[in-house]
K.L.:
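Can you keep this structure in mind? I'll have questions shortly.
It should be emphasised that the depicted structure is a prediction, and the values quoted were computed from it without experimental measurement. Hydrogens, waters and symmetry mates play no part in the numbers below; they use all other heavy atoms, side chains included.
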Amino acid sequence: MDQRGRPPEVDWPARPDLSLALNRMGTFDWDLDSGRMHLDPTALEVLGLLPEEFAGTPAGLRARILPGEEARLDRRVEQALKDGRSHYGAYFRTRRRDGGTAWTHVQGHILRDPHDRPYRIIGILRDADHDPGEPGAAGERDEGRRRMTGVVERTTAILAHARTVNDVTDVLKDPEALGHLGAVSVMLGIVDGARIHLVAEGQLGSYVPEIEYTRIDAQLPMSEAVRTLQPVFIASREGFQRSYPQLWPYIEPLSVRSGVYLPLIAQGRAVGALGLLYTRDGDFTAEERNVLVALGSGIAQSLQRAILFEQEHDLAEGLQRAMLPRRIPDVPGARIAVRYRAARMGRDIGGDWYDVIPLGEGRVGVMIGDVEGHDTDAAAVMGQLRIVLRAYVLEGHTPGTAMERASAFLRELATERFATCVYAELDLTTGTLLLVRAGHLDPVVRRGDGSCHRIRVAGGLPLGLPPRERSGTGSGYPVATLELHPGDTLLLCTDGLIERPGGDPETGMRELLDATRAGPADVEELADVLCDLVGDAGGGDDMALLLLRRRGTPAPRGGGPLRQRLTPGDPDGPALARHLIRAAVAAWGAEDRADEIELAADELMTNALVHTDGGGHVSMRLTAEGRIRIEVEDSSSALPRPREAGDWAVSGRGLFLVDRLADAWGVEPRGSGKNVWCEFAAPGGTGTGAAAPGTGSDGGAANG
């Protein structure tokens with residue numbers, strides 16, 4: 001300044017750089033190919049950047065541009081490049097170093113090569129805070145209004161799909177959602193009696209108010225909004241300090257300069273409150289207030305819907321859990337783990353169930369099933385079906401008969417529901433496992449050595465469907481068998497464990513097998529690992545899981561016989577035994593002789609049932625020499641021997657068949673009865689140590 005207070009004289013005419021600087025107009029040069037950008041000192045000053053804060057790329061401008069403005073500017077430049085224009089211009093808002101905001105104008109000239117490819121932009125950045133009445137700034141304000149309205153519309157549309165309180169809070173914490181409103185922190189509180197429960201706080205990363213629960217009558221802005229059902233607008237830091245001294249110590253360290261707390265009102269009462277904090281100074285315009293109130297109304301409806309949904313879901317889930325067993329009994333000789341998880345994708349619950357039934361004499365029954373549908377009716381049907389199937393098993397019915405009676409019971413309920421189920425009965429002494437399946441997933445077995453495979457069980461129709469026409473009197477639910485060695489684990493589950501959104505169930509089954517194979521041996525730990533497979537990805541269906549591990553030291557090959565009772569007049573007995581024998585033969589790798597072994601066993605069983613009064617037992621085991629041995633015990637002391645049969649005779653050929661089919665056979669007296677046996681060489685067996693055909697027959701009375 002000279003003595004008269006005037007600025008020093010400048011050259012006439014003024015230099016362009018001085019003219020630009022005096023009018024707060026800076027220049028930039030942007031190389032589109034390399035991404036480099038140069039800002040002159042005035043441009044840095046307009047944007048509020050220190051030279052050391054700018055790294056020479058467009059990314060360095062983000063710290064000064066308000067949320068949402070950067071994306072809008074990028075679209076403006078991209079459109080100019082795409083349309084082949086040589087110029088573009090835009091107003092945008094920047095953040096001052098003191099936390100306030102300012103208007104800035106950018107104008108760029110686009111340079112293109114002879115092929116019309118843009119390669120460079122040279123332009124001007126100008127402080128536009130003093131020309132808000134210009135048409136361009138007014139246009140930006142219009143666009144700002146449209147943007148805010150768009151945020152409300154988009155947020156409301158997203159919240160329409162929110163089904164839980166967590167869904168609502170996830171939307172509110174998303175920077176791409178409410179961040180476009182310029183808020184730096186978003187808080188959501190839910191009314192819980194006379195208190196407000198803070199369930200979400202947003203981008204700033206600080207809990208405000210200071211504790212998770214606050215009273216509605218507290219001198220806090222969120223409490224005031226709930227209490228008065230009116231929004232609370234705070235236009236300055238002094239407003240926080242003066243009106244809410246309890247809150248001020250938590251606001252003071254932050255860059256917050258203003259805020260708004262909106263009551264979330266649904267059906268005339270406050271269900272919660274929304275808090276938005278800003279780094280800008282100044283009061284909210286009438287237009288901003290209207291937009292924020294509209295936003296609060298949309299959030300309130302979504303929040304109430306989510307609260308009601310969770311209440312209904314908790315009630316339904318409680319009903320379902322009440323119909324499952326309250327505890328799992330301790331079973332000597334076995335370790336059992338169960339898991340149940342309700343669906344999280346809706347208020348609908350399912351009809352998944354499990355049960356464990358101690359049967360005495362070292363036996364235990366386990367079942368798992370799934371009633372069709374996802375509602376409280378499915379849960380109610382599940383409870384009835386579980387109880388009735390348990391009752392049939394405890395009455396002493398065979399697995400196939402119990403399953404068939406349960407199916408008839410479900411049909412008589414006239415619910416138009418069907419159910420799938422697997423029932424397994426394990427003799428913990430012998431390891432014999434009986435399996436019957438009604439339209440359900442195949443069971444899985446993990447052996448003691450860690451190997452894992454599905455058990456392909458020939459099953460019947462789902463429970464509740466009309467039975468198929470079939471010949472004979474056998475059950476419509478065939479029973480399969482295998483041997484569960486000490487250390488082996490049986491896995492039963494419902495399809496909620498293997499289904500993935502948009503995925504193939506076979507893929508889920510492979511993942512289940514891999515996880516089971518690699519998982520821990522302890523059933524409780526393994527159950528947790530398998531449940532983690534689904535996580536939140538499969539929340540569309542409920543899931544039940546049951547694991548049973550036979551205790552003891554794994555036995556060598558040849559241990560663990562199969563044993564089945566033969567009762568006169570029981571039409572299912574021989575059929576069940578044949579299923580057991582065929583399954584065991586397959587498990588021992590002798591499928592090529594399955595027909596011969598089954599036929600020989602059938603002849604021995606027929607002899608016991610036809611020629612004795614008390615029935616007997618059929619057993620099968622793999623000997624230490626690697627031979628498959630079948631034994632049929634009965635209470636008759638009459639020893640069988642082959643005899644000639646005429647052309648028209650209906651019997652007399654059984655032992656001839658056994659003699660031709662088996663590698664060895666014989667008879668052993670057993671006190672008041674006898675044991676008729678036959679042996680077949682199995683793959684890998686030595687073939688030694690077997691008696692010659694007929695050994696043990698003393699030529700007594702013929703009953704072949």
K.L.:
Near R85 CZ, under 6.0 Å, is it more than 12 heavy atoms from other residues, nucleotides or ligands?
P.N.:
yes

K.L.:
Taking side-chain contact (heavy atoms from CB on, under 4.5 Å) as the criterion, tell me which of L247, L220, V226 meets it with T214.
P.N.:
L220

K.L.:
I'd like to know if the side chain of D31 reaches the main chain of R36, judged simply by a donor and an acceptor atom lying under 3.5 Å from each other, with no hydrogens or angles considered.
P.N.:
no

K.L.:
Does either side chain, that of T494 or that of D370, offer a donor lying less than 3.5 Å from an acceptor on the other one?
P.N.:
no

K.L.:
Within this structure, what is the CZ-CZ distance for the pair R195 and R215, rounded to the nearest 0.5 Å?
P.N.:
8.5 Å

K.L.:
Would you check if Y88 and I121 make a side-chain contact, meaning some heavy-atom pair closer than 4.5 Å?
P.N.:
yes

K.L.:
Does anything in residues 257-273 pair up under salt bridge (charged side-chain N to carboxylate O under 4.0 Å, His left out), and if so which pairs, sequence neighbours excluded?
P.N.:
R257-D281

K.L.:
Can you check whether C493's main-chain N or O pairs, donor with acceptor, with H440's side chain at less than 3.5 Å?
P.N.:
yes

K.L.:
Does a side-chain heavy-atom distance below 4.5 Å link M187 with Y261?
P.N.:
yes

K.L.:
Answer yes or no: is there a side-chain heavy-atom contact under 4.5 Å between L73 and L61?
P.N.:
no

K.L.:
Below 4.5 Å, heavy atoms only, C-beta onward: do Y354 and I336 meet side chain to side chain?
P.N.:
no

K.L.:
Output all residues satisfying salt bridge (Lys or Arg N to Asp or Glu O under 4.0 Å) with D355, sequence neighbours left out; order by chain, then residue number.
P.N.:
R386, R390

K.L.:
Report yes if some heavy atom in the side chain of V271 is under 4.5 Å from a heavy atom in the side chain of V191; otherwise report no.
P.N.:
no

K.L.:
For L491, which of T516, I368, L546 qualifies under side-chain contact (heavy atoms from CB on, under 4.5 Å)?
P.N.:
T516

K.L.:
So do F92 and R76 actually touch side chain to side chain, heavy atoms under 4.5 Å?
P.N.:
no

K.L.:
Find the distance between CG (L292) and CD1 (I299) and round it off to the nearest 0.5 Å.
P.N.:
9.5 Å

K.L.:
Can you sort out the partners of E524 under side chain to side chain donor-acceptor pair (under 3.5 Å), two or more places apart, ordered by chain and number?
P.N.:
R339

K.L.:
Does any non-hydrogen side-chain atom of F54 lie less than 4.5 Å from one of H38?
P.N.:
no

K.L.:
Should S236 and S258 count as side-chain neighbours, where that means a heavy-atom distance under 4.5 Å?
P.N.:
no

